[in-house]
S.K.: 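Here you go, one structure.
Read the numbers this way: they start at 1 and go in the same order the structure lists the ligands and their atoms.
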Amino acid sequence: MKHVIVGNGVAGVTAARGIVRADPGAQVHIFGFEPYPYYRRPLLWEFIAGQIERHAVFFRPPDWYAGRGIQLHLGVEVTGLDPVGHRLYLEVRGGRPASARSVEYDRLLLATGGRPFVPSCEGVEKDGVFTLRTLDDALTIKACAQEGSRAIVIGGGLLGLETARALHTTGLKVTVIEFFPHLLPRQLDAQGAEVLQSLLEAQGLKIVTGGKTEAILGDGRAKGVRLQDNRVIAGEMVIFSTGIRSEVALALAAGLEVNRGIVVNERLQTSADDIFAAGDAAEFEGRVYGIIPAAIEQARVAATNMVAPGSDTYAGTLPTTTLKVAGAELTSVGESVAQAEESDQLRRVDLAAGRYRKLVLRDGRIVGAISLNDRKRAGLITRLIEQGADVSAYANRLLDDDFDLKSLLQ
Ligand SMILES: Cc1cc2nc3c(=O)[nH]c(=O)nc-3n(C[C@H](O)[C@H](O)[C@H](O)COP(=O)(O)OP(=O)(O)OC[C@H]3O[C@@H](n4cnc5c(N)ncnc54)[C@H](O)[C@@H]3O)c2cc1C
């Protein structure tokens with residue numbers, strides 16, 4: 001059986017491993033556009049910050065693949081897919097001759113990931129304007145950070161704040177501009193964001209919330225940004241961290257069902273026979289997760305079903321975000337910003353200690369939580385959510401320091 005995987009990110013590599021484990025005799029080929037073997041994207045921040053060397057971002061030595069019978073084809077773009085003929089069309093980067101212009105598959109996994117989304121804004125084409133997704137992006141950003149003294153990060157979500165922290169570590173003055181009225185709008189409520197913002201400002205980051213970037217200023221090269229309210233913020237580097245879009249071009253052109261991502265069912269199957277999708281490229285029950293735990297879980301289920309069709313199902317991933325910024329540790333799990341009218345919300349704020357706790361309860365069960373600088377409890381609460389434990393009898397004590405959350409675990 002010949003399994004072909006498009007994409008050499010965490011989803012592609014996890015699936016390849018799953019396939020060879022389940023069927024050691026399988027032929028597995030991975031085609032990846034980037035010229036590098038799999039590396040961990042979260043380590044790009046540490047690389048930019050100068051805390052690790054470039055080689056440390058790579059997860060497995062190149063011979064790991066060959067040692068497991070996985071054939072890795074790097075610097076190859078898959079440009080076409082014929083679902084009926086079970087064939088992929090290839091283009092080799094850098095003008096090198098392709099050893100084969102097309103390849104057949106028995107089962108195919110589309111693990112094509114995502115690409116940064118940049119909102120429409122005047123001047124985005126100027127030098128000094130970046131996005132961060134790949135190692136090549138990180139190399140360029142790092143080189144540029146050594147030349148300037150001020151950076152602007154547009155987007156106060158998880159990725160934006162971590163990028164800001166990395167640049168700040170290199171000695172740059174960094175301003176974060178968030179469009180919404182508070183930081184981490186997808187994971188935090190206003191009170192939690194206030195605690196986080198004061199921690200970040202105390203560390204030297206400048207935060208502007210409710211700011212819509214209208215134009216990148218400068219003559220050919222970025223010198224700063226202008227906001228809609230005419231405020232001007234100076235900076236020689238501008239990094240957009242304003243979300244991702246699933247990489248769906250291949251699937252779309254091949255006529256597969258595509259919405260925000262490549263639509264998959266609980267077997268991670270697309271609308272075409274023998275084609276599966278996983279990771280940032282895939283949409284399950286209307287949702288593109290965009291996080292590593294989901295990519296790994298989906299890739300494992302896809303791999304199992306590629307080897308033995310119909311043998312495993314995926315039921316979704318509990319979204320968990322952990323952010324470590326300048327000493328602050330934030331965990332947001334599940335429906336942490338659910339609407340008040342459909343749930344009970346319990347909160348405790350301690351600005352002086354930089355601590356914030358929030359639980360979201362529905363029908364007597366915890367469905368979401370936010371913990372700032374409260375790691376031990378965050379782990380216990382995640383398990384309570386996963387177990388769907390009935391906590392209704394203890395609702396008024398759940399946030400107390402001396403309440404034993406562990407006793408509620410099944
Ligand atoms: C800087 C950074 C830090 C992050 N930190 C975290 C974190 O701490 N926690 C977390 O949960 N998530 C984090 N994420 C998000 C996480 O990296 C993604 O969810 C994850 O990479 C998704 O994996 P994937 O395999 O689906 O896609 P990707 O990692 O995007 O890999 C897809 C690969 O497919 C290749 N490809 C696409 N189309 C083709 C084609 N036609 N032919 C050949 N190759 C193709 C792409 O070049 C790419 O290399 C971070 C992301 C970034 C950018």
S.K.: Look at atom 22 (C) of ligand 1 and find which of L132, T317, D280 reaches it with the closest heavy atom.
M.R.: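 Nearest heavy atom to atom 22 (C) of ligand 1 lies in D280.
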
S.K.: Give the atom numbers and elements of ligand 1 that come within less than 4.0 Å of a heavy atom of P293.
M.R.: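 Matching atoms, with element in brackets: 11 (O).
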
S.K.: Could you tell me, atom by atom, which parts of ligand 1 come under 4.0 Å of a heavy atom of G32?
M.R.: 43 (C), 44 (N)

S.K.: Any idea which protein heavy atom is nearest atom 41 (N) of ligand 1, and the distance to it?
M.R.: V78 O, 3.0 Å

S.K.: Just to confirm my output: which protein heavy-atom neighbour is closest to atom 29 (O) of ligand 1, and how far is it?
M.R.: R41 NE, 2.8 Å

S.K.: Name the option, out of Y289, W45, Y39, that contains the heavy atom nearest to atom 5 (N) of ligand 1.
M.R.: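 Answer by nearest heavy atom: W45.
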
S.K.: Determine whether D137 and T140 satisfy the following criterion, side chain to side chain donor-acceptor pair (under 3.5 Å), listing intermediate values before the conclusion.
M.R.: CA-CA 5 Å; D137 295 336; T140 314; 5.7 Å; no

S.K.: Take atom CG of D229 as the centre, draw a 6.0 Å sphere, and report whether it contains more than 12 heavy atoms from other residues, nucleotides or ligands.
M.R.: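 Above 12, so yes.
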
S.K.: Measure from the side-chain N and O atoms of D23 to the backbone N and O of V307, and report whether any donor-acceptor pair falls under 3.5 Å.
M.R.: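 Checked: no pair found.
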
S.K.: Do I262 and L252 touch side chain to side chain, with heavy atoms closer than 4.5 Å?
M.R.: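 No; the side chains remain at least 4.5 Å from each other.
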
S.K.: Check step by step if side chain to side chain donor-acceptor pair (under 3.5 Å) holds for E194 and Y356.
M.R.: CA-CA 10 Å; E194 189 191 345; Y356 179 69; over 6 Å; no

S.K.: Using a 4.0 Å cutoff against the non-hydrogen atoms of V6, which atoms of ligand 1 qualify?
M.R.: 40 (C), 42 (N), 43 (C)

S.K.: Taking only heavy atoms of G290, which atoms of ligand 1 are found under 4.0 Å from at least one of them?
M.R.: 15 (C), 19 (O)

S.K.: Atoms of ligand 1 less than 4.0 Å from V76 heavy atoms?
M.R.: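 In order of numbering, the contacting atoms are 42 (N), 43 (C).
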
S.K.: Can you report which non-hydrogen protein atom sits closest to atom 30 (O) of ligand 1, along with the distance?
M.R.: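 Ranking protein heavy atoms by distance from atom 30 (O) of ligand 1, first comes R133 NH2, 2.7 Å.
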
S.K.: Considering only the protein, which heavy-atom contact is closest to atom 27 (O) of ligand 1, and what is its distance?
M.R.: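 Nearest neighbour among protein heavy atoms for atom 27 (O) of ligand 1, to 0.1 Å: G113 CA, 3.1 Å.
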
S.K.: If you take the centroid of each ring, where Trp contributes its six-membered ring, are Y314 and F284 closer together than 6.0 Å?
M.R.: yes

S.K.: List the closest protein heavy-atom neighbour of atom 7 (C) of ligand 1: residue, atom name, distance to the nearest 0.1 Å.
M.R.: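 In this structure, atom 7 (C) of ligand 1 has P42 CG, 3.7 Å as its nearest protein heavy atom.
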
S.K.: Examine distances only and state if a side-chain atom of R150 and a backbone atom of E236 form a donor-acceptor pair shorter than 3.5 Å.
M.R.: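 Not confirmed, R150 side chain does not pair with E236 backbone.
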
S.K.: I'd like to check which ligand 1 atoms, numbered from 1 as shown, lie under 4.0 Å from a non-hydrogen atom of E34.
M.R.: 47 (O), 48 (C), 49 (O)

S.K.: Can we call the ring centroids of H29 and H73 under 6.0 Å apart?
M.R.: yes

S.K.: Nearest protein heavy atom to atom 45 (C) of ligand 1, by residue and atom, and its distance?
M.R.: F33 CB, 3.7 Å

S.K.: Among protein heavy atoms, which lies nearest atom 23 (O) of ligand 1, and at what distance?
M.R.: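 The closest one turns out to be V10 CG1, 3.3 Å.
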
S.K.: What atoms of ligand 1 come within less than 4.0 Å of a heavy atom belonging to G114?
M.R.: 30 (O)

S.K.: How far apart are the C-alpha atoms of D274 and H86, what are their side-chain angles, what is the distance that settles it, and do they pass the side chain to side chain donor-acceptor pair (under 3.5 Å) test?
M.R.: CA-CA 9 Å; D274 298 323; H86 278 57; 3.1 Å; yes

S.K.: Might you point out which heavy atoms bring L318 and G334 nearest each other, and give the distance in Å?
M.R.: CD1-CA, 4.0 Å

S.K.: Is the backbone N or O of F117 less than 3.5 Å from a side-chain atom of R245, with the two atoms forming a donor-acceptor pair by type?
M.R.: no

S.K.: I'd like to know whether ligand 1 has L158 as a neighbour, heavy-atom separation below 4.0 Å.
M.R.: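 Contact check L158 vs ligand 1: negative.
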
S.K.: Against heavy atoms of G279, which atoms of ligand 1 measure under 4.0 Å?
M.R.: 26 (O)

S.K.: Return the residue, atom name and 0.1 Å-rounded distance of the protein heavy atom closest to atom 16 (C) of ligand 1.
M.R.: I292 CG1, 3.6 Å

S.K.: So, N259 and E283: side-chain donor and acceptor under 3.5 Å apart, yes or no?
M.R.: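 Yes, a side-chain donor-acceptor pair sits under 3.5 Å.
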
S.K.: Taking the minimum heavy-atom distance to atom 36 (N) of ligand 1, which of T112, I30, T320, I244 ranks first?
M.R.: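 Ranked by closest heavy atom to atom 36 (N) of ligand 1, first place is T112.
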
